[in-house]
Amino acid sequence: MKKIHLNDGTPIYCLKETEAIVLDEHIKGYLNLGINIKDGDTIIDIGANIGVLGVRLSKKFKNIKIHCFEPIPEIYNSLKQNAQLSLNKQFKTYKMGVSNNTKQLDFTYYPNSPALSTSNPEIWENDQENFISAVEGSIYNVPKQFLWARLIPKFIVPLIAKYLQSNKKKITSKVISLSDFIQNQEIKIINLLKIDCEGEEINVLRGIERKHWPLIKAVVMEVNDIENNIEISKKILSSNGFTHIKLEKEKGFEKTKLTNIYATK
């Protein structure tokens with residue numbers, strides 16, 4: 001774990017400096033697309049990673065409640081440190097994941113690229129073309145301080161992709177359903193539900209009981225469109241009151257199966 005500064009000087013703990021800065025740009029993209037957050041709101045962040053969203057919102061608002069889930073211990077340690085660094089006492093962290101029910105779930109942790117860690121490694125391992133496209137998109141659309149990366153020849157990208165997937169580790173972690181969490185914590189409203197959990201997103205949606213959907217006002221989620229996951233997500237969201245659903249591919253990821261979904265009522 002190291003302490004770095006984001007582009008505007010905001011301090012943050014992370015495992016990989018480049019990932020932290022790229023995650024920050026990723027979060028800015030979320031916040032710039034019609035998701036209205038205000039002081040006093042409650043945010044659920046599933047797949048929080050090191051907690052960039054929580055750090056940004058804690059800096060912007062004096063009174064905001066943030067619940068962050070991260071099942072990988074190494075990543076969670078940075079998340080916990082960032083929650084403390086934010087000085088927001090309502091920035092809560094949980095060393096667990098979220099799925100369709102409460103259980104133990106196996107995760108694959110990639111030390112060379114922690115943000116890739118997933119309970120579904122096959123989404124990358126069985127579709128190397130999609131993974132290489134994602135790596136290429138990341139390299140050639142890096143923030144300005146890493147512009148040198150754009151000089152990397154394209155024939156090197158598959159080797160970088162192989163390196164990022166090397167030295168992987170298996171980790172078992174507890175996961176719960178979002179409805180269990182809502183009931184246990186007596187959550188009254190979720191102004192924004194953010195889901196970025198590398199392949200488990202459909203199970204997160206399926207773990208929300210119908211009685212709890214009215215509490216959720218907006219959803220932003222990243223979907224890897226395997227097995228028709230985008231259409232499944234849209235169907236679940238629209239059937240639970242979300243009338244405005246927008247799809248967007250981030251710059252550099254047009255050739256991948258990764259798509260962001262923004263849903264409001």
Side-chain angles (χ1 to χ4, degrees), residues 1 3-6 8-15 20 23-99 102 115 173-197 201 204-205 207-209 211-222 262-265:
M1 187 193 309
K3 188 178 182 181
I4 67 162
H5 290 84
L6 297 173
D8 64 348
T10 299
I12 196 166
Y13 287 96
C14 65
L15 298 174
L23 283 169
D24 191 33
E25 294 298 316
H26 189 57
I27 292 301
K28 288 177 183 175
Y30 283 170
L31 300 178
N32 289 337
L33 273 160
I35 300 298
N36 182 29
I37 300 173
K38 60 185 183 301
D39 210 26
D41 281 355
T42 297
I43 314 298
I44 303 287
D45 188 352
I46 298 172
N49 201 278
I50 62 173
V52 176
L53 178 63
V55 168
R56 285 301 185 194
L57 293 180
S58 295
K59 184 176 181 179
K60 186 174 182 179
F61 301 104
K62 293 182 179 179
N63 178 33
I64 195 160
K65 304 175 186 70
I66 306 165
H67 299 278
C68 292
F69 294 84
E70 177 52 55
I72 307 299
E74 287 88 344
I75 303 174
Y76 174 80
N77 290 338
S78 293
L79 169 63
K80 186 176 180 180
Q81 287 293 323
N82 287 327
Q84 295 173 358
L85 190 65
S86 75
L87 302 179
N88 178 3
K89 294 182 179 180
Q90 298 185 102
F91 187 160
K92 307 293 185 181
T93 65
Y94 309 89
K95 190 166 64 174
M96 65 179 75
V98 178
S99 186
T102 299
S173 177
K174 178 183 177 180
V175 296
I176 63 172
S177 73
L178 187 55
S179 276
D180 282 348
F181 180 76
I182 289 170
Q183 290 178 174
N184 292 340
Q185 298 291 321
E186 299 182 345
I187 303 291
K188 303 301 181 185
I189 189 171
I190 300 171
N191 300 96
L192 175 63
L193 170 61
K194 175 233 163 188
I195 307 170
D196 188 355
C197 50
E201 58 272 2
V204 172
L205 297 181
I208 303 172
E209 297 176 21
K211 65 182 179 181
H212 291 138
W213 276 106
L215 304 181
I216 304 170
K217 305 307 177 185
V219 175
V220 56
M221 60 189 293
E222 182 184 81
Y262 301 86
T264 55
K265 295 178 177 178

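Please read all numbers here as calculations on a predicted model, not as lab measurements. Atoms considered below: every heavy atom in the structure, side chains included; atoms not considered: hydrogens, waters and symmetry mates.
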What's the spacing between [X] [atom1] and [Y] [atom2] if we round to 0.5 Å?
X	Y	atom1	atom2	result
K188	I182	NZ	CD1	11.0 Å
D196	L23	CG	CG	8.0 Å
Q90	L57	CD	CG	12.5 Å
N49	I75	CG	CD1	5.0 Å
S177	N184	OG	CG	8.5 Å
C68	K95	SG	NZ	15.5 Å

To check you understand the geometry: which heavy-atom pair defines the closest contact between [X] and [Y], and what is its length?
X	Y	value
K89	K92	O-NZ, 3.2 Å
N88	S58	ND2-OG, 3.0 Å
I208	W213	O-NE1, 3.3 Å
N36	D41	O-OD2, 4.1 Å
E70	I72	OE2-N, 3.1 Å
A20	L6	O-CD2, 4.0 Å

Checking [X] side chain against [Y] main chain: does a donor-acceptor pair fall under 3.5 Å?
X	Y	value
N191	I43	no
D45	I66	no
K265	I216	yes
S179	E209	yes
S86	A83	yes
N82	Y13	yes
K62	K59	no

Starting from the C-alpha separation in whole Å, work towards a yes-or-no answer on side chain to side chain contact (heavy atoms under 4.5 Å, CB included) for L178 and H212.
CA-CA 9 Å; L178 187 55; H212 291 138; over 6 Å; no
How about [X] and [Y]: do any of their side-chain heavy atoms sit closer than 4.5 Å?
X	Y	answer
F61	I37	yes
T10	D24	no
Q81	I50	no
H5	P11	yes
V52	I12	yes
R56	D8	yes
C197	V98	no
P71	V175	no

Would L79 and Y94 count as a side chain to side chain contact (heavy atoms under 4.5 Å, CB included) here? Give the steps.
CA-CA 9 Å; L79 169 63; Y94 309 89; over 6 Å; no
Among T42, T264, V220, find the residue that satisfies the side-chain contact (heavy atoms from CB on, under 4.5 Å) test when tested with L192.
V220
Is the [atom1] atom of [X] crowded by more than 12 outside heavy atoms at less than 6.0 Å?
X	atom1	result
K174	NZ	no
K60	NZ	no
K80	NZ	no

On the 0 to 90° scale, with breaks at 30° and 60°, tag the F181-F69 ring pair as parallel, tilted or perpendicular.
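F181 vs F69 ring planes: perpendicular.
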